[in-house]
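Values in this document were obtained by computation on a predicted structure and should not be read as measured data.
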Amino acid sequence: MSDGWEVNHACAGVSATVADGSQDTDADGLSASGEYAAGADPCDSDSDNDGLTDGDEVVLYGTNPVSLNSDGDAFSDHDEFLVWHTDPA
């Protein structure tokens, strides 16, 4: 992670002076380095506000944690998984 990214996301203990890439500051199941790699916000457990945590989107569902609708159809990732039982990826 770049120090600049860490400084911009200093919300919950992410620090440019501490080796903290393994911390999960928002308790979503995704480490700070995982959030960085996905372009997600380590201060927000659901960066795209679709009702699925960033960790679940990356680890369980294979969707984009910063896109409400990963496949660009008419349904949010949340609705595709939990309502319609379709594939949002």
Side-chain angles (χ1 to χ4, degrees):
M1 293 180 290
S2 73
D3 286 346
W5 184 86
E6 290 181 307
V7 168
N8 288 332
H9 295 91
C11 59
V14 177
S15 169
T17 61
V18 177
D20 52 18
S22 64
Q23 290 180 328
D24 181 8
T25 56
D26 57 6
D28 63 359
L30 200 59
S31 67
S33 60
E35 302 260 8
Y36 177 76
D41 184 346
C43 305
D44 185 349
S45 62
D46 183 10
S47 294
D48 58 9
N49 297 311
D50 65 357
L52 302 173
T53 66
D54 296 342
D56 284 352
E57 290 207 60
V58 170
V59 176
L60 297 178
Y61 303 127
T63 54
N64 184 341
V66 295
S67 176
L68 180 68
N69 183 359
S70 293
D71 61 5
D73 62 9
F75 305 102
S76 71
D77 294 343
H78 173 274
D79 286 354
E80 287 205 52
F81 272 115
L82 303 176
V83 176
W84 303 109
H85 307 287
T86 56
D87 183 3

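In this structure, CZ on Phe81 lies 6.0 Å from CG on Asp87, to the nearest 0.5 angstrom. The OG1 atom of Thr53 lies 3.5 Å from the CG atom of Asp56; values are rounded to the nearest 0.5 Å.
The side chain to side chain donor-acceptor pair (under 3.5 Å) check on Ser45 picks up nothing, with sequence neighbours excluded. Glu57 pairs by the side chain to side chain donor-acceptor pair (under 3.5 Å) definition with Thr63, not counting sequence neighbours. Residues passing the side-chain contact (heavy atoms from CB on, under 4.5 Å) test with Val66, sequence neighbours excluded: Ala40, Ser47, Asn64. Partners of Ser31 by side chain to side chain donor-acceptor pair (under 3.5 Å), not counting sequence neighbours, listed by chain and number: Ser33. Annotation: side chain to side chain donor-acceptor pair (under 3.5 Å) contacts of Asp50 (sequence neighbours excluded): none.
In this structure, Asp71 and Glu80 have side chains that are in contact, with non-hydrogen atoms separated by less than 4.5 Å. Asp26 places none of its side-chain heavy atoms less than 4.5 Å from the side chain of Cys43.
Put simply, the side chain of Ser76 never gets that close to the backbone of Leu68: no donor and acceptor are under 3.5 Å apart. At least one donor-acceptor pair under 3.5 Å links the side chain of Asp24 to the backbone N or O of Gly29.
Phe75 belongs to a hydrophobic cluster whose other members, connected by ILVMFWY side-chain contacts under 4.5 Å either directly or through intermediates, are Val83, Trp84.
Of all non-hydrogen atoms in Leu30 and Glu35, the two that sit nearest each other are O-OE2, 3.7 Å.
For the residue pair Ser70 and Asp77, a side-chain donor N or O sits within less than 3.5 Å of a side-chain acceptor on the partner.
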